[in-house]
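Sequence positions, counted from 1, serve as the residue numbers for this chain. Heavy-atom basis, side chains included; hydrogens, waters and symmetry copies ignored.
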Amino acid sequence: MYSTPIWHPCSQMKDYESFTPLSIQSASKSYLTLQTGEKLIDAISSWWCKSLGHNHPKIKQAIITQLDSLEHTILANTTNQIIEALTESLCDITKMDKVLFASDGSCAVEIAMKMSIQARVIRGQSDKCKFIALQNAYHGETAATLSVSDLGLYKNAYQSLLFDCEYIPDIPYVTGEGDPLWHDAEKEWLQAQSFLNQHRQMLNAIIIEPIVQGAGGMLVYSQDFIKRLGLWCKENDVYLIADEIMTGIGRTGKMLALEHADIQADFICLSKGLTSGVLPLSVTLTHESIYEIFYDDYETYKAFMHSHTHSGNTLASACALSVLEIFQKENTLEYVQQTLHPTMLQNMHDISHNTKLLHNIRSIGGIIAADIKSPKFTRSGYRVFQQAVKLGALLRPLGNTIYWMPPLNTEVHTLNELAKITEKALLAY
Ligand SMILES: Cc1ncc(COP(=O)(O)O)c(C=O)c1O
């Protein structure tokens with residue numbers, strides 16, 4: 001039996017008997033260095049959060065500077081210039097008015113869910129309490145966020161803790177922005193609309209991962225579908241929660257994935273790339289109109305009483321502020337659109353052509369994925385992961401889906417090196 005006091009996340013610990021954890025000594029840009037001195041390309045941005053790579057000097061400096069004056073204080077009854085500046089920047093970027101702070105993605109989503117429910121209670125609509133999500137959705141691992149996730153692997157054991165949620169079927173998945181369905185998903189929408197109409201009466205909110213479903217298999221779907229969904233929500237007094245934990249802060253080539261569809265949500269959740277994964281921070285943003293519902297004398301018990309000890313950690317906020325500045329100064333979005341995306345796309349198509357082992361390539365911005373064709377083993381993706389580690393890349397496929405989601409500023413030579421490793425790993429698995 002492999003025995004260690006560390007119980008690793010999202011892992012069957014028995015797997016570690018034959019593949020022990022990689023002992024990391026340091027990390028810089030898009031590379032991890034192991035204790036052995038070997039280097040690995042961080043092809044998945046360490047669970048999708050290292051938007052600007054590891055050890056960015058400007059982020060480091062921002063934290064060191066902040067460390068000299070204020071690390072963290074309770075955010076109830078206090079404020080500070082750092083959190084005020086970050087709040088202003090986030091409202092600017094998202095066109096929202098109010099920001100609630102937490103520490104991880106699941107909590108930010110749960111805040112949006114709780115806030116939408118409480119808004120209904122205050123509005124005298126307690127029976128409007130249902131959630132609808134999309135087929136293959138993933139929104140986190142707390143009980144509420146698992147309840148609106150559609151992935152049995154993560155939720156089946158906890159059914160007794162969870163509440164019911166309906167899932168919109170037949171999502172119009174696309175290969176990318178050039179796919180005809182990206183611009184016109186009327187047929188799929190009409191089907192979804194009749195499904196939604198059946199549930200409208202009791203429906204509180206629809207929750208989506210805009211444009212790309214991450215844990216569900218890096219599935220890109222139609223912007224036209226989201227646009228129509230957003231309109232339907234407005235027309236039917238249904239809240240729209242945009243879970244941008246993975247897609248937000250530039251991952252799809254725009255600051256928010258919602259921008260592809262040019263719609264407004266009632267709640268937006270951000271985390272991961274917000275601090276470039278340096279410190280834990282998440283936010284839930286909403287509008288003035290929602291804020292006003294809760295605003296009253298204390299005795300009316302309308303206050304939103306949710307809190308976390310580390311809400312609005314000042315060091316993490318200074319870190320996020322520097323990330324947003326770097327995006328501006330280093331033209332990160334332009335780099336994603338003009339260099340990162342086309343290079344990854346070309347490389348993935350080349351691998352597919354050379355190996356004949358991939359199909360269903362889909363991509364947008366700094367995300368590209370493909371499925372292993374006729375997998376030889378149940379866990380072919382896991383075998384490719386093991387081969388890739390030996391060759392110099394941390395890939396960690398989702399089932400039999402291979403994907404790259406490297407830091408958004410990954411250099412072209414690194415992307416090309418990653419492509420060679422991926423090709424060899426596929427041929428060797
Ligand atoms: C879309 C989405 N929502 C929520 C989460 C949960 O975030 P966290 O792992 O920080 O709790 C994730 C994590 O991968 C995610 O991809």
Side-chain angles (χ1 to χ4, degrees), residues 24-33 39-73 75 80-94 99 101-105 108 244-256 269-283 285 310-337 339-340 365-367 394 405-411 414-415:
I24 312 244
Q25 189 207 33
S26 62
S28 179
K29 295 189 170 177
S30 302
Y31 290 88
L32 311 173
T33 304
K39 284 193 163 197
L40 293 183
I41 300 171
D42 189 351
I44 56 159
S45 298
S46 287
W47 261 339
W48 322 338
C49 66
K50 303 297 304 178
S51 51
L52 297 172
H54 297 264
N55 202 22
H56 195 294
K58 289 186 186 147
I59 300 178
K60 201 156 74 175
Q61 192 51 54
I63 296 171
I64 291 169
T65 306
Q66 186 55 38
L67 204 48
D68 276 338
S69 55
L70 176 65
E71 304 148 355
H72 174 67
T73 54
L75 193 59
N80 59 69
Q81 288 179 352
I82 295 297
I83 202 127
E84 285 167 12
L86 176 60
T87 302
E88 198 181 320
S89 291
L90 288 172
C91 288
D92 244 31
I93 289 168
T94 59
V99 185
F101 288 85
S103 314
D104 57 49
E244 295 244 15
I245 300 298
M246 182 199 74
T247 51
I249 315 295
R251 183 44 73 180
T252 66
K254 296 191 186 281
M255 221 45 186
L256 296 180
C269 308
L270 300 171
S271 184
K272 295 197 186 271
L274 180 57
T275 59
S276 189
V278 179
L279 289 168
L281 183 74
S282 63
V283 292
L285 299 113
H310 290 283
S311 294
N313 178 278
T314 323
L315 285 179
S317 302
C319 176
L321 206 48
S322 75
V323 166
L324 299 179
E325 281 165 16
I326 294 166
F327 262 77
Q328 292 285 326
K329 289 206 176 113
E330 296 185 359
N331 297 321
T332 307
L333 290 184
E334 285 78 0
Y335 183 78
V336 172
Q337 288 159 7
T339 306
L340 186 84
I367 304 173
L394 186 69
M405 205 196 283
L408 298 172
N409 52 8
T410 301
E411 293 169 42
T414 307
L415 297 172

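The structure places OG1 of T339 at 12.0 Å from CG of L408, a figure rounded to the nearest 0.5 Å. Atoms CG and CD, from N331 and Q337 in turn, are 10.5 Å apart once rounded to the nearest 0.5 Å. Separation of atoms SG (C49) and CG (D104) is listed at 12.0 Å; rounding is to 0.5 Å. Here T247 contributes atom OG1 and K254 contributes atom NZ; the two are 13.5 Å apart, rounded to the nearest 0.5 Å. In this structure, OG1 in T332 is found 7.5 Å from CD1 in I326, a value given to the nearest 0.5 Å. A distance of 10.0 Å separates CD1 of I249 from CG of L52, quoted to the nearest 0.5 Å.
Heavy atoms only, all atoms of each residue included: L340 and P406 are closest at CD1-CG, 4.3 Å. The shortest heavy-atom contact between S276 and G53 is OG-O, 3.5 Å. Closest heavy-atom contact between T410 and S30: OG1-OG, 2.9 Å. Here the closest non-hydrogen pair linking L279 and T275 is O-OG1, 2.6 Å. Closest heavy-atom contact between R251 and S45: NH2-OG, 3.3 Å. When all heavy atoms of L333 and F327 are compared, the pair lying nearest together is CD2-CE2, 4.2 Å.
Under the side-chain hydrogen bond (donor to acceptor under 3.5 Å, both in side chains) test applied with K29, the options E411, H54, H56 reduce to a single match, E411.
Few gaps surround NE2 on H72; more than 12 heavy atoms of other groups in view lie less than 6.0 Å from it. A 6.0 Å sphere centred on CD of Q81 holds no more than 12 heavy atoms belonging to other residues, nucleotides or ligands. In E88, the CD atom is not crowded: 12 or fewer heavy atoms of neighbouring residues, nucleotides or ligands sit closer than 6.0 Å.
In this structure a side-chain-to-backbone donor-acceptor pair under 3.5 Å is missing from S282 to S271. Of the possible polar contacts, one joining the K272 side chain to the W47 backbone as a donor-acceptor pair under 3.5 Å is found. Under a 3.5 Å cut-off, the side chain of S26 and the backbone N or O of T33 do not form any donor-acceptor pair. No donor-acceptor pair closer than 3.5 Å links the side chain of S46 to the backbone N or O of K50. Side-chain atoms of S311 come within 3.5 Å of backbone N or O of F101 as a donor-acceptor pair. Between the side chain of Q66 and the main chain of L70, a donor-acceptor pair closer than 3.5 Å is present. Between the side chain of D42 and the backbone N or O of L32, no donor-acceptor pair lies under 3.5 Å.
Not a single side chain to side chain donor-acceptor pair (under 3.5 Å) links T94 to another residue, sequence neighbours left out.
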Taking distance alone, no hydrogens or angles, what donor-acceptor pairs closer than 3.5 Å link side-chain atoms of residues 314-325 to residues at least two apart or in another chain?
unit_1	atom_1	unit_2	atom_2	d
T314	OG1	E71	O	3.4
S317	OG	N313	O	2.8
S322	OG	C319	O	2.8

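A heavy-atom distance below 4.5 Å is not found between the side chains of W48 and I367. The side-chain heavy atoms of L270 and L256, taken from C-beta on, include a pair separated by under 4.5 Å. Y31 is listed as a side-chain neighbour of I41, based on a closest heavy-atom distance under 4.5 Å.
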Exercise. Can L86 and V283 be said to form a side-chain contact (heavy atoms from CB on, under 4.5 Å), step by step?
Worked result: CA-CA 11 Å; L86 176 60; V283 292; 5.7 Å; no

